[in-house]
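Note that the structure is predicted; figures quoted are calculated from it, not measured.
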Amino acid sequence: MKGGAAETERIVAEYIAKNIPLQAGDKILVGLSGGADSVALTLILHKLGYSVCAANCNFSLRGEEAVRDSEFARSTAEKIGIPFVSVKFDTLGYASRNKVSIEMACRELRYDWFEKERTANGCSYIAVAHHRDDSVETMMINLIRGTGISGLTGIAPVNGYVIRPLLGISRADILSYLAISGFGYVTDSTNADTVYVRNKIRNRILPLMQEINPSVGGALERTAENLREAEVLYRYAVRHAISEIVHVEAGNVFISLETLKAWPAARTLLYEILKPYGFLSSQTDDILSGIGGASGLKYYSPTHRLVRDRKYFIVSPVVSSAEQTAEKDKTVPLSEVLHMEYVDTPSEFEIPKSKKTACFDAALLPQPLALRHWREGDRFVPFGMKGQQKLSDYFNNRKFSVLQKESALLLTAGEEIVWIVGERQSDKYKITPDTTRIVKFSIKDT
């Protein structure tokens with residue numbers, strides 16, 4: 001990079017002004033490992049006038065080398081003239097207890113501790129030393145593994161309290177800056193280990209790409225920037241589409257099949273709709289094929305269930321099979337749902353026409369009465385008919401949704417269904433000219 005240390009600091013300052021909401025004089029906790037990137041980050045932020053506190057993590061994975069790095073980070077902070085805090089982790093124990101990889105354990109331990117120190121030291125942000133090459137490597141990793149547009153936009157400059165001020169410069173720029181500034185650094189021996197995917201890309205793939213285009217790093221970063229702008233438009237279009245396709249009722253998500261099919265790229269839209277509920281992209285094709293299938297088809301994520309209804313995909317929180325059985329077998333106190341009263345003058349009584357009420361011949365109605373949800377195999381004699389009908393057939397004929405079936409309450413006497421509450425009563429207990437006493441049930445207002 002031409003222009004020396006001052007030019008590097010200017011580029012970083014411009015990147016911060018454009019991408020990171022830092023204010024002059026903000027206090028920043030900087031992750032200082034002792035490597036070139038973190039030393040440059042710490043020094044540049046200090047030179048730009050920010051109040052900097054350096055934080056170092058020893059993950060107890062590299063023996064004496066890790067101790068050396070921590071001591072070097074401490075001496076670097078002293079040389080710059082800034083506060084220094086450090087911590088030593090039992091990373092292997094943490095990974096074992098939490099059943100996570102070593103890489104994930106390092107990440108969780110580091111960022112959890114950084115956040116505690118940020119708060120304790122009154123810092124506005126946590127700065128980490130990812131640079132342009134790291135962003136390009138992330139883009140390449142995602143491309144190799146398979147990704148959507150967001151995976152090709154590289155590393156974000158801001159993620160909550162975490163900021164990355166060096167994304168506008170390269171590793172070569174950083175090494176040049178340190179050489180000019182007279183600051184040394186330590187090297188993590190694992191950086192050359194090609195067992196790690198990132199190191200394979202850094203040490204093998206990118207050098208080959210640079211043979212074709214020496215400026216490949218800058219070219220890929222410009223591509224990522226273009227894609228970041230495209231993603232903004234993409235997210236805007238997705239939000240607009242979802243507002244037309246989806247509505248939410250009582251915690252359940254209804255996805256209109258007709259509207260979804262009318263939109264272009266229905267598969268992509270369905271994936272974006274379902275992603276927050278834990279469904280995988282690999283499930284999207286199967287679910288989308290269910291548009292032409294029968295009602296009742298079900299698909300599951302770890303946290304949610306999707307059911308194909310007549311006009312909708314319905315997404316709702318998962319209820320375990322044991323909970324479903326318990327819910328169906330559970331009786332509901334009559335007094336919570338229904339008001340019951342007796343009429344001893346049938347000749348003077350006018351039967352209400354509202355579905356919220358049901359009247360029966362009190363002498364015919366067995367006791368005790370109970371409320372419960374429907375079960376597979378339930379039958380009853382609908383009012384006005386003589387023969388029994390499966391409740392499932394009744395629901396289907398009435399075009400009940402899956403959720404309506406599951407939430408339907410039944411007034412029962414033993415195994416006999418007296419009333420599908422709010423819907424239809426049984427013919428077996430109807431009022432006749434011989435009725436001498438009427439029992440009336442009314443749904444209570446909630």
Peer 1: Within the distance-only criterion (no hydrogens, no angle test), does the side chain of N203 pair as donor or acceptor with the backbone N or O of K200 below 3.5 angstrom?
Peer 2: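 Between the backbone of K200 and the side chain of N203 there is no qualifying donor-acceptor contact (under 3.5 Å).
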Peer 1: Please lay out, stage by stage, how K390 and E376 fare under the test salt bridge (Lys or Arg N to Asp or Glu O under 4.0 Å).
Peer 2: CA-CA 9 Å; K390 284 185 177 181; E376 200 65 45; over 6 Å; no
Peer 1: Please tell me if the side chains of V315 and F279 come closer than 4.5 Å, counting only heavy atoms from C-beta onward.
Peer 2: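 When only atoms from C-beta onward are counted, F279 and V315 do touch, with a gap below 4.5 Å.
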Peer 1: Among N213, V136, D133, which residue satisfies the side chain to side chain contact (heavy atoms under 4.5 Å, CB included) criterion with L220?
Peer 2: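 It is V136; the other options fail the test.
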Peer 1: Applying side chain to side chain contact (heavy atoms under 4.5 Å, CB included), run through L92 and I102 and close with a yes or a no.
Peer 2: CA-CA 7 Å; L92 294 177; I102 298 299; 3.4 Å; yes
Peer 1: If you take all heavy atoms of A95 and S101, which pair is closest and at what distance?
Peer 2: CB-O, 4.2 Å
Peer 1: Looking at CG of L369 and CD of Q367, how far apart are the two atoms once the value is rounded to the nearest 0.5 Å?
Peer 2: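 So the gap between those two atoms works out to 4.0 Å.
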Peer 1: Taking salt bridge (Lys or Arg N to Asp or Glu O under 4.0 Å) as the cut-off, I'd like each qualifying pair that reaches into residues 274-287, sequence neighbours left out, listed once.
Peer 2: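 Non-adjacent pairs meeting salt bridge (Lys or Arg N to Asp or Glu O under 4.0 Å): R267-D285, E272-K275.
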Peer 1: Taking only Lys NZ, Arg NE, NH1 and NH2, and the carboxylate oxygens of Asp or Glu, determine whether E258 and K311 approach each other closer than 4.0 Å.
Peer 2: no
Peer 1: Which value, rounded to the nearest 0.5 Å, describes the distance between S281 atom OG and L274 atom CG?
Peer 2: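 Interatomic distance, S281 OG to L274 CG, rounded to 0.5 Å: 11.0 Å.
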Peer 1: As an exercise, state the distance from CG of L409 to CG of L371, rounded to the nearest 0.5 Å.
Peer 2: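 Result: 5.5 Å between the selected atoms.
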Peer 1: Side chains of F89 and C106, heavy atoms from C-beta outward: is any pair under 4.5 Å?
Peer 2: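 No. Closest side-chain heavy atoms not under 4.5 Å.
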Peer 1: If the threshold is 4.0 Å, N to carboxylate O, is there a salt bridge linking R372 and D378?
Peer 2: yes
Peer 1: Hey, could you give me each pair passing salt bridge (Lys or Arg N to Asp or Glu O under 4.0 Å) that has a residue in residues 18-30? Not counting sequence neighbours.
Peer 2: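 Found K18-E225.
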Peer 1: Output side-chain donor-acceptor pairs under 3.5 Å for residues 158-167, partner residues at least two apart or in another chain, one line each.
Peer 2:
unit_1	atom_1	unit_2	atom_2	d
R164	NE	H130	ND1	3.0
R164	NH1	A156	O	3.1

Peer 1: Check the side chains of E117 and N121 for a donor-acceptor pair under 3.5 angstrom, ignoring hydrogens and angles.
Peer 2: yes
Peer 1: Can a donor-acceptor pair be found, under 3.5 Å and without considering hydrogens, that links the side chain of T357 to the backbone of F441?
Peer 2: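 Judged by distance alone, no pair lies under 3.5 Å.
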Peer 1: Nearest 0.5 Å, what's the CD1-CD1 distance between I255 and I273?
Peer 2: 5.0 Å
Peer 1: Without hydrogens or angle criteria, can the side chains of Y300 and Q283 be said to hold a donor-acceptor pair below 3.5 Å?
Peer 2: no
Peer 1: Name the atoms and distances for all side-chain donor-acceptor pairs under 3.5 Å in residues 337-354, with sequence neighbours left out.
Peer 2:
unit_1	atom_1	unit_2	atom_2	d
D344	OD1	R437	NE	2.7
S354	OG	K356	N	3.0

Peer 1: What distance do Y15 atom OH and R132 atom CZ have between them, rounded to the nearest 0.5 Å?
Peer 2: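 If I round to the nearest 0.5 Å, the distance is 11.0 Å.
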Peer 1: Is there a donor-acceptor contact under 3.5 Å linking the side chains of S86 and N56?
Peer 2: no
Peer 1: Under a 4.5 Å cut-off applied to non-hydrogen side-chain atoms, are C57 and W113 in contact?
Peer 2: yes
Peer 1: After noting the C-alpha distance and the side-chain angles of F313 and V307, does the key distance pass the side chain to side chain contact (heavy atoms under 4.5 Å, CB included) rule?
Peer 2: CA-CA 6 Å; F313 286 138; V307 178; over 6 Å; no
Peer 1: Please report the shortest heavy-atom distance between A266 and L260, naming the atom on each side.
Peer 2: CB-O, 3.7 Å
Peer 1: With side chain to side chain contact (heavy atoms under 4.5 Å, CB included) as the criterion, how do F360 and V418 come out once you've worked through the C-alpha distance, each side chain's angles and the decisive distance to 0.1 Å?
Peer 2: CA-CA 9 Å; F360 304 96; V418 176; 3.4 Å; yes
Peer 1: Is there a side-chain contact between T268 and Y234 (heavy atoms, below 4.5 Å)?
Peer 2: yes
Peer 1: Check whether more than 12 heavy atoms from other residues, nucleotides or ligands sit under 6.0 Å from atom OH of Y299, and answer yes or no.
Peer 2: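 It does: Y299 OH has more than 12 such atoms within range.
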Peer 1: So, using salt bridge (charged side-chain N to carboxylate O under 4.0 Å, His left out) as the criterion, who are the partners of D37 when residues are at least two apart?
Peer 2: R171
Peer 1: May I ask you to decide whether R198 forms a salt bridge with E137, counting only side-chain N to carboxylate O separations under 4.0 Å?
Peer 2: yes
Peer 1: If you measure only the distance, is there a donor-acceptor pair under 3.5 Å linking the side chains of S33 and S38?
Peer 2: yes
Peer 1: Looking at every heavy atom in both Y94 and E108, which two are closest together, and how far apart are they?
Peer 2: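 That would be OH-OE1, 2.6 Å.
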Peer 1: So do the side chains of T432 and L364 get within less than 4.5 Å of each other, counting heavy atoms only?
Peer 2: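 When only atoms from C-beta onward are counted, L364 and T432 do not touch, as no gap falls below 4.5 Å.
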Peer 1: Any side-chain to backbone donor/acceptor pair from N58 onto S60? Under 3.5 Å, distance only.
Peer 2: yes
Peer 1: So if I apply the side-chain hydrogen bond (donor to acceptor under 3.5 Å, both in side chains) rule between Y394 and each of R424, Q389, E423, which one comes out positive?
Peer 2: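 Running side-chain hydrogen bond (donor to acceptor under 3.5 Å, both in side chains) over R424, Q389, E423 with Y394 returns exactly one hit, E423.
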Peer 1: Quick test of your reading of the model: are D427 and K430 salt-bridged, counting only N-O distances below 4.0 Å?
Peer 2: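 Here D427 pairs with K430 in a salt bridge, since their nearest N and O are under 4.0 Å apart.
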Peer 1: For the pair R107 and E103, find out whether any cationic side-chain nitrogen is under 4.0 Å from an anionic carboxylate oxygen.
Peer 2: no
Peer 1: If you look at every heavy atom in S51 and G25, which pair is closest and at what distance?
Peer 2: CB-O, 4.4 Å
Peer 1: Return yes if some donor-acceptor pair links the side-chain N/O of T147 with the main-chain N/O of N142 below 3.5 Å, else return no.
Peer 2: no
Peer 1: Could you give all pairs that pass the ring-ring contact (aromatic ring centres under 6.0 Å, His included) test and reach residues 250-272, with sequence neighbours left out?
Peer 2: H240-W263, H247-F254, F254-Y312
Peer 1: CE of M104 to CG of L109: how many Å apart, nearest 0.5 Å?
Peer 2: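 One finds 11.5 Å between CE of M104 and CG of L109.
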Peer 1: Could you check whether R118 pairs with E115 (Lys NZ or Arg NE/NH1/NH2 to Asp/Glu carboxylate O, under 4.0 Å)?
Peer 2: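 Yes, this pair counts.
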Peer 1: What's the shortest heavy-atom distance between I443 and K355, and which atoms?
Peer 2: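 Here I443 and K355 meet closest at CD1-O, 4.4 Å.
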Peer 1: So which atom in S135 and which in E221 form the shortest heavy-atom distance, rounded to 0.1 Å?
Peer 2: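 Minimum heavy-atom separation between S135 and E221: OG-OE1, 3.7 Å.
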Peer 1: Measuring only between side-chain heavy atoms, which start at C-beta, is V52 closer than 4.5 Å to L29?
Peer 2: no
Peer 1: Show your reasoning for whether side chain to side chain contact (heavy atoms under 4.5 Å, CB included) applies to T435 and I438.
Peer 2: CA-CA 7 Å; T435 298; I438 294 172; 3.9 Å; yes
Peer 1: Could you check if a side-chain atom of F59 sits within less than 4.5 angstrom of a side-chain atom of D90, using non-hydrogen atoms only?
Peer 2: no
Peer 1: Please answer whether the main-chain N or O of D134 pairs with a side-chain N or O of T138 as donor and acceptor at a distance below 3.5 Å.
Peer 2: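 Checked: pair present.
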Peer 1: A side-chain contact here means heavy atoms from C-beta on lying under 4.5 Å apart; do L22 and L48 qualify?
Peer 2: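 With C-beta onward as the side chain, the pair stays apart.
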Peer 1: Do NZ/NE/NH1/NH2 and the carboxylate oxygens of R379 and E416 come within less than 4.0 Å?
Peer 2: no
Peer 1: Please answer whether the main-chain N or O of R310 pairs with a side-chain N or O of R308 as donor and acceptor at a distance below 3.5 Å.
Peer 2: yes
Peer 1: Kindly say whether Y277 contributes a backbone atom to a donor-acceptor pair with the side chain of T303 at under 3.5 angstrom?
Peer 2: yes
